[in-house]
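Chain A is the first sequence line, chain B the second, and so forth, proteins listed ahead of strands; every chain is numbered from 1.
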Amino acid sequence: MVYTLVNSMSSARPIRLRFAPSPTGYLHVGGARTALFNWLFAKKYGGQFLLRIEDTDKARSTEASTTAIYEGLEWLGLQWDEDVVYQGANLDRHQAHVAQLLKAGTAYRCFCTAAELEAQRKEAHALKEAFRYDRRCDSIDPATVEKRVAAGEPFVVRFRMPEGTTTWDDLVHGTITFPNKDIGEGDFIVLRTDGTPIYNMAVVSDDIAMEISLVMRGDDHISNTPKQILLYEALGAPLPIFAHLPMIHGMDGKKLSKRHGATAVGEYQHLGILPQAMLNFLALLGWSPGNDIEVMTLEQMIELFDASHLSKKAAIFDTQKLEWMNGQHLSLIGADVLLPRVAPLLADAGLTTLQDVEHRKAWFLSLLELLKVRARTLDDVVRQASPYLRDDIEYDPDAVAKQWKDRSLSADALRGTRETLAQLERWEPEPMEEALRALAERMGTTGGKIFQPMRVALTGLTVSPGIFDVLVMLGRERSLARIDRALEWLAAN
RNA sequence: GGCGGUAUCGUCUAGGGGACUAGGACACGGCCCUCUCAAGGCUGGAACACGGGUUCGAAUCCCGUUACCGCUACCA
């Protein structure tokens, strides 16, 4: 099913959305969420999701940032549908659109210098008045304009702000109206002295060319919107529908910045967050399915997504909930899809090699099955996997203090445990439990008193998966060797 | 300053005139489960910014106030 968008200003149009970041840094979580919502909308209604790199600020744009945006989007799995559009490559069309404005008489050349304007602005500020360009250049007669241009005098092109009011039906905010007199500083500049377009001009030109029918972006663009609408109208182009998403703030309610910790999606990737968890978490920041569902797969998000449940309120980025969400997805996904993500991390940590993982795949799969439910991040998984992958385990001092407090008592328990386990015919949970519980009874104690010292002997820690699972994962040989080593340690300390 | 936007537990949110004694989730506390840790189940505390209207009835609609955020460039 392919839907179309219908707007009061235009007939039905194919659904085309775009994510248009400027490459001046990494992919910010706010940008990622904007991209996600655009993508979700496109997927849900059978539209196209496009990517445009707004690289017209040569001073701040970098290739590294562009790469970071691609990598972030790819990690999240937010694939765009057509070739990437680089705004900087469209200068000719931007200028042509400005020429069209000039020709239609909705824009005019202005010879005022930046210094003059700055002085006027200062003056207005001193008088506590809002500065508005006084249109002095609009009254220069055409012949004079021609002459000054011919003489090589620098000029900018200004859009002539019409009287009246500009209104649109925002998909998330409802009707928003601006009196035209309050839009910016009056007749705003669309083309700089150097012949390059100003942001709003470039955006409108590109969105027209890309046939964007739904502009979904951060609500910091609300005040740009009336200017852009005026430009669309002056250019005779159909208006897109606008949807302004709320911002994402840090824990202190201020704009999310480096002070709040990680703001780049790439950082969360390296912190061991799963892309599907990131997406799920981001989706819930500013949108809800309208009921109590929280943990969703990507497919469910597409299915459930709808514009009517978009929030107007800025959300605070809570990393604790992100981690919880990641834990949910960790236990949700199969060990087989988790393994390819974890294997490189295990290798990086020097715990194994990719070849080893390939070689003992079934074993690694069952290990992950045990660990994923008690981990919140991929880093947790790696940390918890350590005792099963290295032989030189260390005894955690707290574990020793708590579970091996009485050395001889612990040694007794371990000796009995070792003997019992060694006699087992089948190295499986049921016989283990049966035999060890019987041992506990014979020793006049409880299972816990046997299991806990054994846990320290096997893993060096007080926490681990179920003790029989640990024994199985370690295997008979290694388990018994570890108990022997613990016995030696207990005798020596 | 001007203009615009926003306002429900600490946080994310449900709610759209009566179903609200305001629901869920994160976090925090308790209990259960239990060999530990998670997960899970049960449970506790915790919110409609304030003031006026409209209405038989307002968290929901209107107005004002306050607070916060954004924009206010020849940045994007």
Side-chain angles (χ1 to χ4, degrees), chain A residues 20-24 54-57 59-61 87 110 112-114 117-118 121 125 128-132 154-158 170 173 176-179 181-185 188-194 196-200 202-203 218-226 244 246-247 249 251 253-255 281 284-295 309 311-318 320-325 327-328 331 370-376 380 384 399 402-403 433 436-437 440 446-452 454-456 459 461-468 470:
Chain A
S22 40
T24 55
E54 309 218 317
D55 55 351
T56 48
D57 184 343
R60 290 197 301 156
S61 299
Q87 189 160 66
C110 168
C112 296
T113 66
L117 258 13
E118 198 40 52
R121 225 174 250 126
H125 189 75
K128 287 193 179 297
E129 280 170 4
F131 171 69
R132 200 165 300 124
F155 64 88
V156 299
V157 175
R158 283 184 186 272
D170 197 276
H173 290 274
I176 299 181
T177 302
F178 281 79
K181 65 174 177 54
D182 292 327
I183 300 172
E185 295 184 340
F188 59 94
I189 295 173
V190 290
L191 197 74
R192 298 188 186 90
T193 318
D194 67 1
T196 59
I198 231 64
Y199 172 72
N200 285 309
V203 166
D219 67 15
D220 48 341
H221 286 289
I222 286 180
S223 27
N224 280 323
T225 305
H244 288 96
M247 304 271 86
H249 288 161
M251 273 312 236
K254 298 267 191 286
K255 197 168 169 172
F281 174 72
L284 259 20
L285 243 42
W287 174 77
S288 93
N291 50 36
D292 293 337
I293 297 174
E294 298 222 81
V295 180
H309 284 96
S311 166
K312 297 192 244 273
K313 197 182 108 192
I316 288 174
F317 194 87
D318 179 3
Q320 260 185 322
K321 187 149 186 179
L322 205 214
E323 291 203 354
W324 167 80
M325 183 64 81
Q328 293 293 310
S331 35
L370 295 177
L371 301 186
K372 71 193 185 78
V373 68
R374 49 203 107 218
R376 292 209 145 187
D380 286 343
Q384 292 174 14
K402 194 164 176 212
Q403 302 302 341
E433 177 153 19
L436 289 173
R437 289 214 187 264
T446 60
K449 290 281 188 298
I450 298 276
F451 303 148
Q452 280 302 83
M454 172 166 57
R455 173 168 281 115
V456 179
T459 66
L461 305 168
T462 53
V463 306
S464 81
I467 198 68
F468 310 113
V470 173

Of the listed nucleotides [options], the one nearest the side chain of [X]:
{"X": "A:Ile316", "options": "B:rG70, B:rA76, B:rU11", "value": "B:rU11"}
{"X": "A:Val463", "options": "B:rG1, B:rG24, B:rC37", "value": "B:rC37"}
{"X": "A:Asp318", "options": "B:rG10, B:rA76, B:rC35", "value": "B:rG10"}
{"X": "A:Gln320", "options": "B:rA27, B:rA76, B:rA73", "value": "B:rA27"}
{"X": "A:His309", "options": "B:rG15, B:rC3, B:rG24", "value": "B:rG15"}
{"X": "A:Leu284", "options": "B:rC12, B:rC74, B:rC37", "value": "B:rC12"}
{"X": "A:Thr56", "options": "B:rA73, B:rA76, B:rC3", "value": "B:rA76"}
{"X": "A:Lys321", "options": "B:rA25, B:rG4, B:rC74", "value": "B:rA25"}

State whether the side chain of A:Arg455 and the backbone N or O of A:Val470 hold a donor-acceptor pair below 3.5 Å, judged by distance alone.
->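 A pair under 3.5 Å: no.
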Looking only at atom types and distance, does a side-chain atom of A:Ser22 sit under 3.5 Å from a main-chain N or O of A:Thr24, one as donor and one as acceptor?
->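 Flag not set: sc A:Ser22 to bb A:Thr24 has no pair under 3.5 Å.
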What are the two closest non-hydrogen atoms of [X] and [Y], and how far apart are they?
{"X": "A:Leu284", "Y": "A:Met325", "answer": "CD2-CE, 3.7 Å"}
{"X": "A:Ser223", "Y": "A:Phe178", "answer": "CA-CZ, 4.1 Å"}
{"X": "A:Ile198", "Y": "A:Ile189", "answer": "CG2-O, 3.2 Å"}
{"X": "A:Phe281", "Y": "A:Asp318", "answer": "CZ-O, 3.4 Å"}
{"X": "A:Ser331", "Y": "A:Lys372", "answer": "O-NZ, 2.9 Å"}

Give [X] one of three labels, base, sugar-phosphate or nothing, depending on what nucleic acid heavy atoms sit under 4.0 Å from its own.
{"X": "A:Ala315", "value": "sugar-phosphate"}
{"X": "A:Gly184", "value": "nothing"}
{"X": "A:Asp182", "value": "sugar-phosphate"}
{"X": "A:Gly286", "value": "sugar-phosphate"}
{"X": "A:Gln403", "value": "nothing"}
{"X": "A:Phe131", "value": "nothing"}
{"X": "A:Thr113", "value": "base"}
{"X": "A:Pro465", "value": "base"}
{"X": "A:Thr462", "value": "base"}
{"X": "A:Cys110", "value": "nothing"}

Mind checking the [atom1] distance from [N] to [M]? Whole angstroms is fine.
{"N": "B:rC50", "M": "B:rU6", "atom1": "C1'", "result": "16 Å"}
{"N": "B:rG51", "M": "B:rA59", "atom1": "C1'", "result": "16 Å"}
{"N": "B:rU60", "M": "B:rG16", "atom1": "P", "result": "12 Å"}
{"N": "B:rA7", "M": "B:rG15", "atom1": "P", "result": "13 Å"}

Confirm from the modelled atom types if A:Lys312 and B:rA7 form a donor-acceptor pair under 3.5 Å, side chain to base only.
->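 Per atom types, no contact qualifies.
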Looking at B:rC74, does its base get a donor-acceptor pair with the side chain of A:Thr193 below 3.5 Å?
->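 In this structure, the two groups form a donor-acceptor pair.
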Atom-to-atom span, [atom1] of [X] to [atom2] of [N] - whole angstrom:
{"X": "A:Ile222", "N": "B:rG5", "atom1": "CD1", "atom2": "P", "result": "7 Å"}
{"X": "A:His249", "N": "B:rC68", "atom1": "NE2", "atom2": "P", "result": "13 Å"}
{"X": "A:Asp194", "N": "B:rC74", "atom1": "CG", "atom2": "P", "result": "13 Å"}
{"X": "A:Ile467", "N": "B:rC37", "atom1": "CD1", "atom2": "P", "result": "13 Å"}
{"X": "A:Leu370", "N": "B:rU36", "atom1": "CG", "atom2": "P", "result": "17 Å"}
{"X": "A:Lys313", "N": "B:rG70", "atom1": "NZ", "atom2": "C1'", "result": "17 Å"}
{"X": "A:Ile450", "N": "B:rC35", "atom1": "CD1", "atom2": "C1'", "result": "11 Å"}
{"X": "A:Ile293", "N": "B:rA14", "atom1": "CD1", "atom2": "P", "result": "14 Å"}

Is the distance from OP1 or OP2 of [N] to the nearest side-chain N or O of [X] less than 4.0 Å?
{"X": "A:Arg158", "N": "B:rA73", "value": "no"}
{"X": "A:Ser223", "N": "B:rU72", "value": "no"}
{"X": "A:Arg376", "N": "B:rA27", "value": "yes"}
{"X": "A:Gln328", "N": "B:rG40", "value": "yes"}
{"X": "A:His244", "N": "B:rG70", "value": "no"}
{"X": "A:Arg437", "N": "B:rC35", "value": "yes"}
{"X": "A:Ser288", "N": "B:rA14", "value": "yes"}
{"X": "A:His173", "N": "B:rU6", "value": "yes"}

Relative to the 5' end of RNA chain B, which residue comes earlier, A:Leu285 or A:Val373, by the nucleotide with the nearest heavy atom?
->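 Counting from the 5' end, the first nearest nucleotide belongs to A:Leu285.
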Nearest-nucleotide wise, let me know which of A:Ile198 and A:Ala130 is further upstream toward the 5' end of RNA chain B.
->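 It is A:Ala130 whose nearest nucleotide is closer to the 5' end.
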Report yes if some heavy atom in the side chain of A:Arg374 is under 4.5 Å from a heavy atom in the side chain of A:Val463; otherwise report no.
->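 No, side chains not in contact.
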Report yes if some heavy atom in the side chain of A:Gln87 is under 4.5 Å from a heavy atom in the side chain of A:Val203; otherwise report no.
->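 Of all side-chain heavy-atom pairs linking A:Val203 with A:Gln87, at least one is under 4.5 Å.
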